[in-house]
2 protein chains.
Amino acid sequence: MGTIQRKERERDQRRKAILASARAAFVKHGIATTTMERIAQEAELAKGTLYLYFRSREELLMGLLADDLAALTASMTTVAESPLAPPEKLASAFRTFYTYSQENQFFYQVMTQTNIGLLLQPNCETSIIADFISVNERLISLVEGIVSEGVAAGYFFLHGPIRTVVAEIIIAMKGSVMILRNNLIPPGWVTEPEQVILHDIVQLIIRGLGRSPSPTQAN
Amino acid sequence: MGTIQRKERERDQRRKAILASARAAFVKHGIATTTMERIAQEAELAKGTLYLYFRSREELLMGLLADDLAALTASMTTVAESPLAPPEKLASAFRTFYTYSQENQFFYQVMTQTNIGLLLQPNCETSIIADFISVNERLISLVEGIVSEGVAAGYFFLHGPIRTVVAEIIIAMKGSVMILRNNLIPPGWVTEPEQVILHDIVQLIIRGLGRSPSPTQAN
DNA sequence: TCGCAAAAATGACCAATGGTCAGGTTTTAT
DNA sequence: ATAAAACCTGACCATTGGTCATTTTTGCGA
C-alpha cells in the first residue's frame, strides 16, 4: 500500500517541478515564444514527458494560472477583512489586483499576451476549468461582500441585483487592467502612470456607486 | 505615363481583393484557424503572392482592422453630432461601439480572439501602425468633444485634465467590451444580455462623472 | 512583330513547433 | 529471476508562416 502513495507523491512532485520550470521559462522568454522543447530543457526532461503530465500546452498554462489566481484570492481576502470603509476597501481590492499583476511576471504576461478564453478549450482537463471557475467565484464573492457592506452602510446604491452590479464592476475594472497592460494605449496618449489611471477609474466607479441611479438632473 | 497609373490601380485592386478574401475567410473559419493557404485559395492566388502585398499575416490583419476602425469612426461621428444631451450622447457612443462589434463579424473576432498588441509588431508597415494610431486619435477626439460639452453644460465634472479623464473613460469601456466578448465571464455568472451589462457600466460611469470628486461623505 | 528585360505570379521547399508513439529503461510484484 | 507495468525518450509526423528559384506575363524599343 505504501508504494502507491509514494508513487502518487512522486508523480505530483514531478508535475509541480514541470510547472515551476514552465513558469521560469515563460517569465524569461515570454509566453508566445516559449516552446515546449524549451520548457522540457528547463525541466531536464524529454519533451514527450511533458505530455504524460499535461494534455497540451494550454493545460500547462492553465495549471500555472490556477496557482496565481489562488494567491491573488488570498491577497484579496486580506483586503476584504480589513477595517477600511467600503469605498476605500473597494479601491484597495482593485489596487491589490493591479499590484499582483505587476509583481507576478507570469500573471502579467498571461494578462497581456494571452487570450484566456482560448485557453479554456475542450482539451483542457475538466477539473482545471472547474478550478478556474471556482477561484473566479471566490473573487466575485469577496467583491460582493465589500459592495454589500457599502450598501448596508449607505455608501453605495444598487441599480440592479447585487450579483449583477458586482459583475459589472469587476468587468469594468478587469477590462481596464487588460487595456492598460495590452499596449492598447497609443503612444503619448496618456502621460500618467498606470496606477494613477487605474485609481482614477476606480474612484469614478465608486462615485457612480455612491449616487442613487434615480436622478436625471444635472447637479 | 498611362501604364504606370493603370498598374498602380491594378495593384491596389489586387490588394483590396486579397483583403476581401481574407475577411471572408476569417469570418467563415475564425481568425486563429484561417491559414494563409486558405486565404490564398479564397483569393484564387498562390500563397506566395500574398507576400507580395503584405509582409506578414499580422499586416494583413492590421489592414482589415484599419478599414473597420475607419467605419466605426464614421458611425461615432454621427453620434457626436446628434442633438442629444451629453450623458445620453456618451451612452449612445459606447452603444455604437458595441453594436458595431456585434454586427461586424471580423471586428468582433479581432476583439475576442486576438491580442491586438501583438499585431503591432516591427514587421508591420509603419504607415499601417500610423493609421491605427490616427484612427484611435479620432475616436478619442470624438469622445472628448462629448465630455467637454457635458462639462460646459454642467452634466459632468473633471477629476483631472480632460484628456486624461477621456482616456480613462475609454479604457474602462473598451476594457469592458473586451471582457464581455472574450469569454472571460465564467458560465452562469451573469444572466443579463451583454448590452444590458454594458449599458449599466456606462450609466455607472456617467453617474460618477456627474458627481463632483470632492465629497467624501455618504449621501 | 519580335526579342529582351522587368515585373508579377507560382508552388515546391524550408524551418519551426505542438503533439505522437515505438522502443528503451526502470520499477514492481510474484 | 522473470514478466508485467510504469515511466521516459527522442525520432517522427502534420501543420503552417514564410522563402525563393523558376515560370509566366507585361512593357518597351527596334
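Labels below follow one simple rule: chain letters A, B, ... track the order of the sequence lines, proteins then strands, and each chain is numbered from 1. Not measured: the values here are computed from a predicted model.
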Q: Take nucleotides 9-17 of chain C nucleotide by nucleotide from the 5' end and write B, S or -, depending on whether a protein heavy atom sits under 4.0 Å from the base, only from the sugar-phosphate, or from neither.
A: BBB-----S

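The CD-P distance, from A:Glu59 to C:dG19, rounds to 10 Å in whole Å. With rounding to whole Å, B:Ile31 atom CD1 is found 13 Å from D:dG17 atom P. A:Arg15 has its CZ atom 14 Å from the P atom of D:dC8, to the nearest Å. Atom OH of B:Tyr51 and atom P of D:dT16 are 12 Å apart (whole Å). Spacing between atom CZ of B:Arg55 and atom P of D:dG18 amounts to 12 Å, rounded to whole angstrom units. With rounding to whole Å, B:Glu8 atom CD is found 15 Å from D:dG27 atom C1'. When the P atom of D:dT15 is taken as reference, atom CD of B:Glu37 falls 12 Å away, rounded to whole Å. Between B:Ile4 atom CD1 and C:dA6 atom P there is a gap of 15 Å when expressed in whole angstrom units.
Taking a 6.0 Å sphere around CD of A:Glu10, one finds it holds more than 12 heavy atoms contributed by other residues, nucleotides or ligands. By the neighbour-count criterion of 12 heavy atoms within 6.0 Å, atom NE2 of A:His159 is densely surrounded, having more than that number from other residues, nucleotides or ligands.
Taking 4.5 Å as the limit, some side-chain heavy atom of A:Leu60 sits within range of a side-chain heavy atom of A:Ile18. Proximity of A:Glu42 to A:Lys28: side-chain heavy atoms (C-beta onward) are separated by under 4.5 Å at one or more points. No side-chain heavy atom of B:Gln105 sits less than 4.5 Å from a side-chain heavy atom of B:Arg23.
Of the possible polar contacts, none joining the B:Lys174 side chain to the A:Ile179 backbone as a donor-acceptor pair under 3.5 Å is found. A donor-acceptor pair is defined here as one N or O able to donate and one able to accept, closer than 3.5 Å; no such pair exists between the side chain of B:Ser92 and the backbone of B:Glu88.
Listed nucleotides: C:dA29, D:dG27, D:dC7. Nearest to the side chain of B:Thr3: D:dG27. When the nucleotides D:dG27, D:dG18, C:dG19 are ranked by their closest atom to the side chain of B:Arg6, D:dG27 comes out on top.
Judged by a 6.0 Å distance limit and a 45° cone about the ring axis, A:Arg11 is positioned over the six-membered ring of A:Tyr53.
Every residue meeting the ring-ring contact (aromatic ring centres under 6.0 Å, His included) condition with A:Phe26, not counting sequence neighbours, appears here in chain and number order: A:Phe106.
When the local axes at the two ends of the helix from C:dT1-D:dA30 to C:dT30-D:dA1 are compared, using 5 base pairs at each end, they differ in direction by 20° after rounding to 10°.
The nearest heavy atom of DNA chain D to B:Glu10 and to B:Thr34 marks one nucleotide each, and the one closer to the 5' end goes with B:Thr34.
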